[in-house]
Amino acid sequence: MRLVLLGPPGAGKGTQAALIAEKYKIAHISTGDILREAVRQGTALGLRAKSYMDKGDLVPDEVVIGIIAERLQKSDCKRGFMLDGFPRTVAQAEALDSELSKRGQELDAVLSFEVDEEEIVRRLSGRRVCSKCGATYNIYTDPPSKPDACDACGGEIVMRSDDAPEAIRRRLHVYKEQTEPLIDYYQSKGKLERIPAMGPVEKVYGYVEGALSARVGV
Ligand code: AP5
């Protein structure tokens, strides 16, 4: 199964991706996670990406397209994969199509998570992440048992630098300008599944399972 998860910042893509990966045993590829890890390790990629990410801007297309082309060659993608946060521009979507067609493959579905702006701001301002293992929490809906420590590994719980109010506003603007056109792009290719994503995590996941079952029969 080959999927793309599309949606504004804070729509719950990463949260749903973890559940999908566990059930369907496909690789979860998050460009945001790959870039944040590069920033944490201080690699050349990380140093280049950090200034864009902190402001809420997109990292240049050629950088992320290169990351995905390389990542799709790994053996864990043979069973299938789910791209979380990629593509984010029409140029990235076209590059993905051409990468897949080289392999005689195509996407099975693009899940588009739909959430209103007020809820996005509430989710992102409440999000906290583990600085060690990356586990995601939310101080309003899903807090860790101890306020400053990760339940999974005990690591320090922090706020993402791009969840500051100014960066959230910028990310929403960038989403509307550069990523939202992908809804029409994939609709016209017959790949789009709209997922109502305002409700609790389990309810949203129910819609995901329904969409995948209808589309890929699993
Ligand atoms: P990325 O990490 O991809 O960020 P994003 O798309 O802005 O998405 P988020 O991670 O903020 O949100 P999400 O939808 O995954 O929501 P989550 O599940 O965490 O990208 C970061 C940056 O990297 C970009 O700004 C850009 O600079 C760069 N980048 C990445 N990919 C790129 C690309 N392809 N091209 C160029 N640049 C790229 O949930 C959010 C919160 O809500 C959590 O606290 C969670 O617990 C909570 N929550 C989730 N679901 C629910 C629910 N149903 N009800 C209540 N709370 C919920």
Side-chain angles (χ1 to χ4, degrees), residues 4-21 28-40 45-46 48-69 71 82-96 111-116 118-130 134-144 151 157-164 166-180 182 195-208:
V4 161
L5 308 194
L6 190 63
K13 302 179 296 295
T15 302
Q16 296 297 323
L19 299 171
I20 296 168
H28 172 198
I29 303 172
S30 157
T31 36
D33 286 349
I34 293 170
L35 292 167
R36 275 185 293 277
E37 181 58 20
V39 170
R40 208 174 61 81
L45 167 65
R48 184 163 180 208
K50 188 174 186 323
S51 58
Y52 295 100
M53 296 174 77
D54 282 350
K55 277 189 276 180
D57 282 331
L58 295 184
V59 173
D61 283 339
E62 72 274 11
V63 175
V64 277
I65 288 169
I67 291 173
I68 290 296
R71 181 64 183 85
M82 170 181 32
L83 298 173
D84 162 9
F86 182 95
R88 263 176 144 97
T89 62
V90 171
Q92 291 179 21
E94 288 170 349
L96 177 62
L111 307 181
S112 173
F113 292 88
E114 301 184 332
V115 189
D116 70 32
E118 198 183 325
E119 175 69 4
I120 288 170
V121 172
R122 195 179 74 87
R123 287 185 189 177
L124 291 181
S125 56
R127 173 164 59 187
R128 299 292 181 274
V129 292
C130 173
T136 300
Y137 299 92
N138 193 288
I139 54 170
Y140 306 123
T141 53
D142 181 24
D151 290 347
I157 300 291
V158 295
M159 198 167 177
R160 253 171 62 173
S161 52
D162 60 350
D163 282 344
E166 185 58 32
I168 293 177
R169 272 195 292 279
R170 178 73 194 152
R171 286 159 69 202
L172 283 168
H173 175 76
V174 167
Y175 174 78
K176 283 196 186 115
E177 294 277 304
Q178 301 196 52
T179 308
E180 216 167 53
L182 293 182
I195 307 290
M198 287 290 289
V201 172
E202 302 71 31
K203 191 168 175 196
V204 177
Y205 184 57
Y207 292 127
V208 168

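First listed ligand is number 1; within each ligand, the first listed atom is number 1. Everything quoted here is computed from the prediction, not taken from an experiment.
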Which of the ligand 1 atoms, numbered from 1, are nearer than 4.0 Å to a heavy atom of [X]:
X	result
T141	56 (N)
D162	21 (C)
R171	4 (O), 5 (P), 7 (O), 9 (P), 11 (O)
G14	13 (P), 15 (O), 18 (O)
T31	30 (C), 31 (N), 32 (C), 34 (N)
L124	11 (O)

Would you please test I157 and V129 for side-chain contact (heavy atoms from CB on, under 4.5 Å) and show each step? CA-CA 5 Å; I157 300 291; V129 292; over 6 Å; no
To check your reading of the model: name the closest protein heavy atom to [atom], its residue, and the distance in Å.
atom	answer
atom 4 (O) of ligand 1	R160 NH2, 3.3 Å
atom 43 (C) of ligand 1	T136 CG2, 3.6 Å
atom 35 (N) of ligand 1	Q92 NE2, 3.0 Å
atom 27 (O) of ligand 1	D57 O, 2.6 Å
atom 8 (O) of ligand 1	K13 NZ, 3.3 Å
atom 40 (C) of ligand 1	R127 NH1, 3.8 Å
atom 3 (O) of ligand 1	R88 NH1, 3.1 Å
atom 47 (C) of ligand 1	N138 ND2, 3.8 Å

Checking the side chain of [X] only, and the main-chain atoms of [Y] only, is there a donor and an acceptor separated by less than 3.5 Å?
X	Y	result
Y137	D151	yes
N138	R123	yes
T31	G85	yes

Side-chain touch [X]/[Y], heavy atoms, less than 4.5 angstrom:
X	Y	result
F113	L5	yes
P196	V204	no
V64	I34	no
R127	R160	yes
F86	I65	yes
M82	I29	no

Reported [atom1]-to-[atom2] distance for the pair [X] and [Y], which is rounded to 0.5 angstrom:
X	Y	atom1	atom2	value
S125	I168	OG	CD1	5.5 Å
L35	Y52	CG	OH	12.0 Å
K203	M198	NZ	CE	10.5 Å
Y140	R128	OH	CZ	7.0 Å

Based purely on interatomic distance, does [X] place a nitrogen or oxygen under 3.5 Å from a nitrogen or oxygen of ligand 1?
X	answer
R122	no
G85	yes
S30	no
T15	yes
G126	no
V64	no
P87	no
Y137	yes
G56	no
A11	yes

Sequence neighbours excluded, which residues qualify as salt bridge (Lys or Arg N to Asp or Glu O under 4.0 Å) partners of E177? none
Only heavy atoms count here, so choose which of [options] is nearest to [atom].
atom	options	answer
atom 2 (O) of ligand 1	R36, K55, K203	R36
atom 29 (N) of ligand 1	D163, L35, V115	L35
atom 23 (O) of ligand 1	R123, R170, E119, M53	M53

Tell me which pairs pass side chain to side chain donor-acceptor pair (under 3.5 Å) where either residue lies in residues 8-17, with sequence neighbours left out. none
Under 4.0 angstrom from ligand 1, any heavy atom of [X]?
X	result
V201	yes
G199	yes
R128	no
G7	no
Q16	no

Could you go step by step and tell me if R122 and E118 meet the salt bridge (charged side-chain N to carboxylate O under 4.0 Å, His left out) rule? CA-CA 6 Å; R122 195 179 74 87; E118 198 183 325; over 6 Å; no
Using a 4.0 Å heavy-atom threshold (strictly under), name the region of A17 that reaches ligand 1: side chain, backbone, both or neither. neither
Please identify which of these residues, L111, L83, T179, meets the side-chain contact (heavy atoms from CB on, under 4.5 Å) condition with L6. T179
Scan K50, R169, R171 and name whichever one has a salt bridge (Lys or Arg N to Asp or Glu O under 4.0 Å) with D162. R171
